Structure formats: structure tokens, C-alpha cells
Amino acid sequence: MSDIIRLLPDSVANQIAAGEVIQRPSSVVKELVENAIDAEAREVHVLATDAGRTCIQVIDDGKGMSPTDARLAFERHSTSKIKEAADLFSLRTMGFRGEALASIAAVAQVELKTRQEEEELGIRIILSGSKVEAQETVACSKGSNFAVKNLFFNVPARRKFLKSNQTELNNILAEFERIVLVHPDVSFTFHHNDVELFNLPVSSLRQRILNVFGKRLAAQLLPLEVETGLVSVHGFVAKPEFAKKKGAYQYFFVNGRYMRHPYFHKAVMGVYEHLVPVGEQVSYFIYFEVDPADIDVNIHPTKTEIKFENEQAIWQILSAAVKEALGRFNAVPAIDFDTEGMPDIPVYNPASPVVLPKTGTDPVYNPFDPAENADSAVRYARPAVEWERLYEGIASHREKESGLFQQEDEEVSSGQAENGASALPGGAMAGTSLQYYQFKGRYVVTSVKSGLMLIDQHWAHVRILFDRYLAMQEEGRGASQGMLFPEAVQFSVAESVALGGIREELSAIGFDLGNLGGGTYSVNGVPAGIEGLDVAGLLRGMVHTAMETGSDVRDEVRRALALSMAKAVAIPYGQVLSGEEMASLVDALFACPVPNYSPEGRAVVAVIREEEIERLFK
């Protein structure tokens, strides 16, 4: 029997390894920019064409490489960051495995021009699929200039399953933001298709955050700082009143490296538990500095999962630091009034005797009248409160409530069914003269032949609006209500990119947006029926919905936008509805193709059968 085990060629092995390290264009940007930071660059320029499909170029003014180093850098497991296994426990650099450049060269066409400061000439190397095609001496600037072209040109399956340019650009911007937030001492620029998206000069950490996400964050951020022997924590957390359901900026960094850490996230959100509504999130930018020997970053190729040796202790320190930051924000300073020489202003004391004026009327107490303050024993009575008026109408209201379920079920004739009325659960027909009642501001209740039907008013309206907005997008017929005073809305760079991808859908719903430049848009018109809502918050919510969906399937994006809009506009719990409004809601609900369930699969209609009701009274 012949042998079947064989060594794979280096080209195949490199492509397999590249699949773990280089997953999409954003991975290339991350690895090249991190290498520039490790090379002590003070200026980094990133240029992308077609969201990185065609070309990704990263230019830095770092140390550069010698001709030998430049050639060796593209070999697997070649690195200048570590020399032995023990160095993994004292990492201060972003990269250390020596796999990034080899992985990039295995799946792309790469051109590198680099020069060290003390050298007059640099080196130019061209590779394609890990093979060196050219190497020559050239004149170039100090530092390194990487150009990665035609990513995944030799892995068609991987290239085929890349997302749309907008989605891939959003991923690149996310990686770019994570790096620039850690290095405010380095200037960055980012261009996409020759359009400048970021120009970030050297600045303070707070200013860098504002430059990336917009000046509207300035009023939200509270400084956070604590020093212990175990860990140093600093950064910013948002004020509770700026919590929102979507679009919160939440970042953890440790020793200059971005990380995801659900355990520490719970520590932060636990402090806000009773300060923000359930389901809402707050922004935070928190930086940890710990001994490299106390963490392990060599867990996943992306290096975003990091293990801490003392997680529980750091959790407690983090929680206390966030509480202290919020405490300083909410603390009310004590005011020490200088009372020397001030007049003694009498105060009403209910325990002292009340002397009514001889006129029999209740005077208005004036503490600044010397005549009234002459006799401190005299106190004036409070104005009488007519408590009986507060309870007027309650008895009649209770009488109405007591007859809530005394209405008899109305029989539905077969003739009405034949006239085109849609059937309701329990045997009733839409369009009949049913009586509707509201229970605790949440449910619409009516009697049907088989018992009692309950309808969740909020989710019923969501179902109706979702179908309506979806139809508007498909037909492009959304009615727009012009705004008397257009509202300006500021978006971050990443939000502006996502907004550009859904402008057509928003226009179909009824939004009329004008681009004012610099990430600012004017809202000139809104869909009819949403007057009075927070338009800026609604738009940001839909933009972040599109960013989270990240789907290239147009129908899925449209459904996500329609659902986000419907949730924002739907009747809230607690809103009192008139009989006509409840009847209109029920009729519209049962005109929907799927009336019994919300777009997310929640039950909208429930029927309590007569047998179940009778069983309760046995």
C-alpha cells in the first residue's frame, strides 16, 4: 500500500494560514497600520480603493527596513518583535507572530518601498502569491510604503464571498478607529477612492475621540482615572442621560491594544443598572495598563480576546472607578452662606398655634414685612386645600369600569361575512360593530364568539407600520412632510458611509435629506405621521441598524429599516386610545398578511376561550 501523507507546498500552506489572519480587507489595514505603529511612525496615511478590493496602501515615516529585512519580512514566522517564548509574557508591541506580511503576500499582489533614515536609497520589492517577482534599489522616502493590490486574486472563493463595498468599508473604518483611538500622539489620514474621510492631527485623547466620532460627544464624556498596584484605568464614560438603544460607542483597550471583554462590559453596565432604562447602552472609552506578564494576548489570530490573571479584582476596580466618575458628576457641592448680620426670617411651623386675622381671610404671608415679623409668636394658616375636588369624577369613572365586561357578544351574520369582512380569531369579523376596551394601556380587549380577544396595541401597530413602510420602499411612494425649519444632524465618518448606502431606502419612506458636507445632513422632510419624534435619534438608530445588519441582500436591509422605523413610530404602552382608534387599529391589523405575529415573531393576538373563563369560576 502506497504512502498517502505528504507535505503541502509552501504556497498552499501560506494560503491556508492566510485564511486565519487575513479574513477581509480590514484585516490588511489592521496588520499594516499596527506594523507602522510598531516601527515608531509619527505619521500614517491609509488609502483604499474600492473598499480594499483593488488596492490598500499604507504609508508611514517609521524606521524602515534594510534590503535584507525587507526580503525576510515576507517569510512566515519572521519577526523583530520577539526572540524566544519568554518574550510572549512581556509584549509591548502590537504584532509578534510574524505571520501578517507572509499571509498578505500569499493572497495578494504586494509592492513594498522602504528606506532607513541613515540610508540614501531604499529597496523596492514586488511579490505575487508569495513569489518574489522583482527586487531593486530605488529612491524613496524614509519609512515604509506598502501597496496591496487585488486581494484574494488567487483565492476566488474567498474573493467571491466578500461583502459589498459599503460593508467592507465599514469594517475597515472600524479597525482604523480602534487603532487611532489608542495613539493620539500619531497623526493619521484616511482616503477612500481619493476622498479624504479622516484627517487626525496629534491631539489629546479626549480631542481624538471627538475628532473621530463628532463634537456632539463633548457634552457626554466624564473623565475616569484610577491608579492601583494591580492595574491603571483611565478614559471616559458617558453621562446616564445620553444612553440609547443603538449606536453607543463602547471600547476597551489594554496596553494600547483593542479588546472585547464581556465580563468587564457587565462591570460597567452594572453601575448604570438603575440609572438608564432597561435595554439601553452608554458609551465608554476605557484604557487599562497592566503588567504584560499578567495577560495573555496569544489566544486568537485577531488578538481581540485577552485573558487576565486577576479578572475578578480588576472587575471590582473598574466598577469602583466608574461609580466614582458618576459620583463626581452627580455630587452637589455644599454652599456655606454667611449669615452674620442677616435678618431673622420667620418660617412657618405647623406645631405652633395659629392666630387667624380678625378679617377672617387667609392673608398672603410676606416674610420681608417688618410689621408682620415683629411678633414672632404669630403664625399664619396655610390656604385651605379643597381635597374633595381631587376626587370628583372618580365614582362615575369606577361605575364605567365596572361595566367593562358586561357587554354581550354581538352575533355576526353570515351576510356580513359574505360582504368581504375579514375573519378575526374566535369567529368575529373585521368591520362589525364590536365594542373595544383598553386594559392597563397595553391591550385592546373585545368579546368574540369563543371568548375574549386581547391584542397587544404596541406590537399590533408595529406589524401594521412594518408592512406599510416595506410596501413604500418597494414602490417608492412614501409621502414626505416638509419641515418648516430643516434640522441639521451630525454623523460620524462611519455613520456617514452607512447612511450613503441607505439614502435610497430612506427617500422611499419619505425622508428628504440634504448633504451639507463634513458629515452634516439637513432633514428637509420626514415621513408623514412622525411629527414630534426625535428625528435625529430616529435617523441614527436606522443608520446603526444598517451597520449592524451588514448584509448585502437589499431585502434584508429594507426589512431592518422598516422594522426600526415601525418600532420608533408605533403606539407606545400607556397611550390611551379612543373607541374609534381601537377599532381602526384592529381593522388595520387584520388587513395585514400575518396579523397574529409581529415582524420579530412575537404574539400579537391572544384569545381566552369561554371554557377557560368558566373554569376559573368553578
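Side-chain atoms are counted along with the backbone in the values below, which use heavy atoms only and exclude waters and symmetry mates. Since the structure is predicted, the reported quantities are computational estimates derived from the model, not experimental observations. This chain uses plain numbering: 1 for the first residue, then up along the sequence.
Between Val46 and Phe176 there is a side-chain heavy-atom pair separated by less than 4.5 Å. Contact check for His458 versus Arg442: no side-chain heavy atoms found under the 4.5 Å cut-off. Side chains of Phe491 and Tyr521 form a contact here, defined as non-hydrogen atoms less than 4.5 Å apart. Looking at heavy atoms from C-beta onward, Asp512 lies out of side-chain contact with Ser507 at the 4.5 angstrom threshold. The shortest distance between side-chain heavy atoms of Phe285 and Leu217 falls below 4.5 Å. Counting only heavy atoms from C-beta outward, the side chains of Leu197 and His191 never approach each other to under 4.5 Å. Contact of the Val237 side chain with the Val282 side chain is not registered, since no non-hydrogen atoms from C-beta on lie closer than 4.5 Å. No side-chain heavy atom of Leu563 sits less than 4.5 Å from a side-chain heavy atom of Tyr469.
For the residue pair Glu175/Asn171, the side-chain donor-acceptor check at 3.5 Å is not satisfied.
In this structure, the side chain of Arg328 engages the main chain of Pro223 through a donor-acceptor pair within 3.5 Å. When atom types are taken as modelled, the side chain of Thr167 and the backbone of Lys163 share no donor-acceptor pair closer than 3.5 angstrom. Distance alone, capped at 3.5 Å, is enough to place a donor-acceptor pair between the Gln457 side chain and the Pro572 backbone. The main-chain N or O of Leu513 is found under 3.5 Å from a side-chain atom of Arg503 such that the two form a donor-acceptor pair. Thr446 places no side-chain N or O within 3.5 Å of a backbone atom of Met453 that could act as its donor or acceptor partner. Judged by distance alone, with hydrogens and angles left aside, the side-chain atoms of Lys239 form a donor-acceptor pair with the main-chain N or O of Ala219 at under 3.5 Å. Of the possible donor and acceptor atoms, none in the side chain of Gln438 sits under 3.5 Å from a partner among the backbone N and O of Val445. Here the side chain of Arg540 pairs no donor or acceptor atom with the backbone of Lys246 at under 3.5 angstrom. A donor-acceptor pair under 3.5 Å is absent between the side-chain atoms of Arg158 and the main chain of Arg24, judged by distance alone. Although no hydrogens or angles enter the test, the distance criterion places no donor-acceptor pair under 3.5 Å between the side chain of Arg602 and the main chain of Trp459.
Annotation: cation-pi geometry satisfied between Lys244 and Tyr249 (NZ/CZ under 6.0 angstrom from ring centroid, within 45° of ring axis).
Summarising the geometry of Ser450 relative to Val607, their closest heavy-atom pair is OG-CG1, 3.8 Å, with the distance given to 0.1 Å. The heavy-atom pair separating Pro599 from Arg559 by the smallest distance is O-NH2, 4.3 Å. The nearest pair of heavy atoms linking Leu224 to Ala321 is CD1-O, 3.0 Å. Met483 and Val526 make their closest contact through SD-CG1, 3.9 Å (heavy atoms, listed as atom of the first residue, atom of the second, distance). The two residues Ala566 and Phe466 have their closest heavy-atom pair at CB-N, 3.7 Å. Shortest non-hydrogen contact noted between Leu151 and Gly52 is CB-O, 4.2 Å.
Sparse packing is recorded around OH of Tyr597, with 12 or fewer heavy atoms of other residues, nucleotides or ligands lying under 6.0 Å away.
A distance of 6.5 Å separates CD1 in Ile502 from CE in Met542, rounded to the nearest 0.5 Å. Put simply, OG on Ser283 and CD1 on Ile209 are 10.0 Å apart, with the number rounded to the nearest 0.5 Å. With values rounded to the nearest 0.5 angstrom, Ile56 atom CD1 is found 5.0 Å from Ile172 atom CD1. Atom-to-atom distance recorded for Ser319:OG and Lys323:NZ is 4.0 Å, nearest 0.5 angstrom. The structure places CZ of Phe264 at 10.0 Å from CD1 of Ile286, a figure rounded to the nearest 0.5 Å. Between Lys30 atom NZ and Tyr258 atom OH the span is 11.0 Å, to the nearest 0.5 Å.
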side-chain contact (heavy atoms from CB on, under 4.5 Å) for Val604 and Val462? Distances and angles first, verdict last. CA-CA 10 Å; Val604 174; Val462 168; over 6 Å; no
Applying side-chain contact (heavy atoms from CB on, under 4.5 Å) to Lys245 and His544, what does each step give before you reach the verdict?
CA-CA 10 Å; Lys245 292 184 178 180; His544 282 276; over 6 Å; no
Could you go step by step and tell me if Val322 and Tyr272 meet the side-chain contact (heavy atoms from CB on, under 4.5 Å) rule?
CA-CA 9 Å; Val322 176; Tyr272 288 89; 4.0 Å; yes
Under the side-chain contact (heavy atoms from CB on, under 4.5 Å) criterion, do Leu499 and Leu506 qualify, and how do the steps go?
CA-CA 9 Å; Leu499 178 61; Leu506 293 177; 3.5 Å; yes
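A side-chain contact (heavy atoms from CB on, under 4.5 Å) with Leu589 is found for exactly one of Ile455, Asp467, Asp456, namely Ile455.
A salt bridge is absent between Glu311 and Lys266: the closest approach of a Lys/Arg side-chain nitrogen to an acidic carboxylate oxygen does not fall below 4.0 angstrom. With respect to the salt-bridge test (charged N to carboxylate O, under 4.0 angstrom), the residues Lys567 and Glu600 qualify.
Taking the ring centroids of Tyr251 and Phe213, they lie under the 6.0 Å cut-off. For Phe252 and His261, the distance between ring centers is not under 6.0 angstrom.
Aromatic ring orientation, Tyr284 versus His265: tilted (interplanar angle from 30° to 60°).
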